[in-house]
Amino acid sequence: MTIYIYNTLTKKKEEFIPVDPGKVKMYVCGMTVYSDAHIGHARTYVAFDIIRRYFEYKGNKVHYVQNITDVDDKIIAAAKQEGIDPLEYSKRFTDQCLADLDALGIRRADQYPKASETIPDMIHMIKQIIHRGYGYVADGDVYFSVETFSDYGKLSGQNIAEMKKGARVEPGENKRSPLDFALWKKAKPGEPVWQSPWGPGRPGWHIECSTMSCSLLGPTFDIHGGGMDLQFPHHENEVAQSEAASGKQFARYWMHIGLLTINGEKMSKSLGNIINVKDLLKAWDAEVLRMFFAQAHYRSPPDFSEKALTDIQKGRERLHRVKERLEETVKHAPSPKLSLPSLSESETQYMETIKQLKESFEEAMDNDFNTPKAFASLYEFVNKTNRFFEQHKTPDPGLCKHTLDVLLRIGYVLTLFQPKINTTQDADVELINKLQGLLQSFGKTVEAHSTDKLIEALLRTREEARTHKNWDIGDRIRKNLEQLGFEIQDTTSGPVWRKK
RNA sequence: GGGCGGGUAACAAAGUGUCUAUGUGACGGACUGCAAAUCCGUAUACGAAGGUUCAAAUCCUUCCCCGCCCUCCA
C-alpha cells in the first residue's frame, strides 16, 4: 500500500511517490543552537522520527538530513553576553541540544550539516541566484528580489500585492522592495565574518537550508519539513531561492508540524513558559513524552499539561503490561516457534487479532501518518489480547512469540518499548538505599544489593504479615513500593510486581 | 487587513456520507482481606440555524466562536 501525505504545497493529501523508487530523501529544519532543546523541538523531531521509521518499516531507504543553525543573530547576542566566540558558543549548544534529543530517545538524522561549515556552498548558490537575475548586490549586502520570482507565495498561499501593503523597509537596509530578503549580510563589528565576492559578511538565514538540502539531497528531493511556524517566510523563501538557483522544482512534499501549546498558551519567551527537554526528563519518562506527541496527529497542535502526561502514562502502562505478559510466556519456552496446526481453535482465532493489528496500524499510518489512529489500533489489540489471556492462562508460546514480534515491530515505529537511556547509576543506588531502609523499618535485613532481591524480600515480609491477616503491614509495604514506582498485584499464584 | 487551521462526550483525541474510534476519568458488576491488574456492562458527543440526501458529526449555505502565521521561532 502506498503512503498518502498532506502536502502543504498543494494543500491536498497526495500519494507519496519518491524521486527514486524505494528511497526517501528528507530534509527537516533543525535547531538554532543558542540554548537547550525545548519541548517544541521535541514535538517536531519526534514527529519526523516516527515518519522516518515508518518509511523504513515499509522498506524504504531513508536519507534524513537535519541542519544545525550555528550562525545567527541570537547566537551572536548570547555569545556576546558571555563574552565568548559565537562559533564556540554554538558548538557547545550543538552538542547539548543533540544530547537532549538523544535522551528523549529520538533517533539521530543521517547528517547534521552546520551553517558555519557550508559557507562556500552558500556563496556558490548566491552567485547562481544573482547570475540568473533573481538577486542583487547593494552595498555589501545581497538580496533576493521577490518580485522577479513569479511563483513566490505558492507554499504559504500569500500573494505579493497583499504582502506589499503591510511591508516596511527597516532603516539601514538597502532593499529595492520591502519584500526582498537577505541572502548575504554585510559584516558588522563583532560578528563572525567570511570572505565573499561581495565583501566580508555572513549568510542570511534562509539560504543555509536551500544550500544544505540541495547539496546533500540534490536540487529536487522528496520531503521538506519543519514546524508550522517556518512555513512563512522561511520555507517560502527557501523555495524561491532554490528554484531560482536551479531552475528545477525544490522539495516535492512539504510537511508542517502543528505547534505545541502549554496549558492552552503559545510557548514563547515573552510568556516565560518555555520548558526544556532536560527539565522535563527529570520528572517524566521519555516514552511518555513521545507518546504524548504521537497521540495527537502531527498537523494538530498538542496542548501540553501535567494532566495530559498523566493520562498518557496510564495508557502506556496498559501497553507495557501486555508486552510483558507476552514476554513472560515466551521466556519460559525453550525455542518458541509458531506452528499453525498445533493451535487450538481459539488460538487460531486470536491469529486474526494479530493480523488486524498489523493491517489497521498500516492503514492508519499510510493515511498521512495517523498516529492517534495507530494507537487506537494498538489499544484495541491490548483489549483483545487481555481477553485472550483471560481464557488461556498458558497460551502457545510460539503464538505469543509471533504476537510479540508484530507488537515490537509496530512499537518500534511508534518509538515504544525502547531501552531507557536516562536512568543513571546514582538513581539506582538511591533506590536500593530506599528499599533497604524500607526493609529495615519492618525489622528485616537481607544481604542483597539488587532491586529485584530487595523487592522480593519485601514481598516475602508482606506475605508473612498477610498470612497472619496483618493487613496493615501488608498494605503499608505495598503502598511504599508503589511510591517507589513498583506495581504490586496479588494474584491467585502469589504476588507479582513490575516496574512502572 | 491578507493567509491557514480548528470547534466531537468530563478531559484528551481520531473519523469526514450509513459500520461501538481510542485513551484517561465516572458509574455498576465479576475477581480480591482491601487494593491493583484484568474482564463484563452503562452513561455522557459531534459550535448554531437552515438546506441537499433513503441516510449528515461528515456535503452545501449562513452565522457564532477559537487558534496560528504575516518580525525571530520546531
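Quick note: numbers below take in every heavy atom, side chains included, and nothing from hydrogens, waters or symmetry partners.
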Query raised in the report: So, do A:Y379 and B:rG23 meet the stacking rule of ring centres under 5.5 Å and planes under 30°?
Result: no

Report task. Among B:rA14, B:rA74, B:rA35, find the nucleotide with the atom closest to the side chain of A:H41. Result -> B:rA74

Report task. Could you check A:M267 against A:K373 and say which one's nearest nucleotide on RNA chain B is further toward the 5' end? Result -> A:K373

Query - Under 4.0 angstrom between A:N386 side-chain N/O and B:rA37 OP1 or OP2 - result: no

Query raised in the report: Given B:rU22, is OP1 or OP2 found less than 4.0 Å from the side-chain N or O atoms of A:R318?
Result: no

Query - N/O (side chain, A:K384) to phosphate O (OP1/OP2, B:rC39) under 4.0 Å - result: no

Report summary line: Closest to the side chain of A:K314, out of B:rU24, B:rC72, B:rA74, is B:rU24

Query raised in the report: Is the shortest distance from a Lys or Arg side-chain nitrogen in A:K384 or A:E352 to a carboxylate oxygen in the other one below 4.0 Å?
Result: no

Query raised in the report: Picking from B:rA74, B:rC72, B:rA14, which would you name as closest to the side chain of A:A296?
Result: B:rA14

**Report entry** Nearest-Å distance once atom P is located in both B:rU24 and B:rU18
**Finding:** 27 Å

Report summary line: Heavy-atom nearest nucleotide on RNA chain B taken for A:K11 and for A:Q295; more 5' hit belongs to A:K11

**Report entry** Closest to side chain of A:E162, choosing from B:rA74, B:rU22, B:rG2
**Finding:** B:rG2

**Report entry** Electrostatic pair A:K331:A:E328 at N-O distance under 4.0 angstrom
**Finding:** yes

Query raised in the report: Reading RNA chain B 5' to 3', what string of ( ), [ ], | and . shows its pairs, if Watson-Crick and G-U wobble pairs count only when both distances fall under 3.5 Å?
Result: (((((((..(((.........))).(((((.......)))))....(((((.......))))))))))))....

Query raised in the report: Expressed in whole Å, how much space separates the C1' atoms belonging to B:rU61 and B:rA21?
Result: 30 Å

**Report entry** B:rA14 phosphate, OP1 or OP2, under 4.0 Å from A:N370 side-chain N/O
**Finding:** no

Query raised in the report: Is the ring centre of A:H320 less than 6.0 Å from the ring centre of A:F417?
Result: yes

Query raised in the report: Where along residues 351-364 of chain A does a heavy atom come under 4.0 Å from RNA chain B, residue by residue in number order?
Result: none

Requested in this report: Let me see the working for A:Y298 and A:F293 under ring-ring contact (aromatic ring centres under 6.0 Å, His included), right down to the final yes or no.
Outcome: CA-CA 8 Å; A:Y298 78 83; A:F293 296 133; over 10 Å; no

Query raised in the report: Think A:S156 has a side-chain N or O under 4.0 angstrom from the OP1 or OP2 of B:rC70?
Result: no

Requested in this report: Could you give me the CA-CA distance, side-chain angles and deciding distance for A:D151 and A:F149, then say whether side-chain contact (heavy atoms from CB on, under 4.5 Å) is met?
Outcome: CA-CA 6 Å; A:D151 272 350; A:F149 187 76; 3.6 Å; yes

Report task. When you get a sec, tell me which of B:rG33, B:rU38, B:rA36 is the closest nucleotide to the side chain of A:E390? Result -> B:rU38

Query raised in the report: From B:rA37, B:rC39, B:rU22, pick the nucleotide closest to the side chain of A:R321?
Result: B:rA37

Query raised in the report: With rounding to whole Å, what would you report as the distance between B:rC59 and B:rG7 at their P atoms?
Result: 11 Å

**Report entry** Minimum-distance nucleotide to A:R462 side chain [options: B:rC72, B:rG33, B:rA21]
**Finding:** B:rG33

Query raised in the report: For B:rG6, does OP1 or OP2 lie under 4.0 Å from any side-chain N or O of A:R299?
Result: no

Query - Backbone of A:Y6 reached by a side-chain donor or acceptor of A:D368 within 3.5 Å - result: yes

**Report entry** Nucleotide of B:rC39, B:rC34, B:rU22 approaching A:D490 most closely (side-chain heavy atoms)
**Finding:** B:rC34

Report summary line: Of the listed B:rC72, B:rC34, B:rA14, the closest approach to the A:S300 side chain comes from B:rA14

Query raised in the report: Just to confirm, is there a sub-4.0 Å distance from OP1 or OP2 of B:rA36 to any side-chain nitrogen or oxygen of A:R478?
Result: no

Report summary line: Closest of B:rA14, B:rC72, B:rU22 to the A:A376 side chain is B:rU22

Requested in this report: Would you name the heavy atoms of A:R478 and A:R462 that are closest together and state the gap between them?
Outcome: NH1-NH2, 3.4 Å

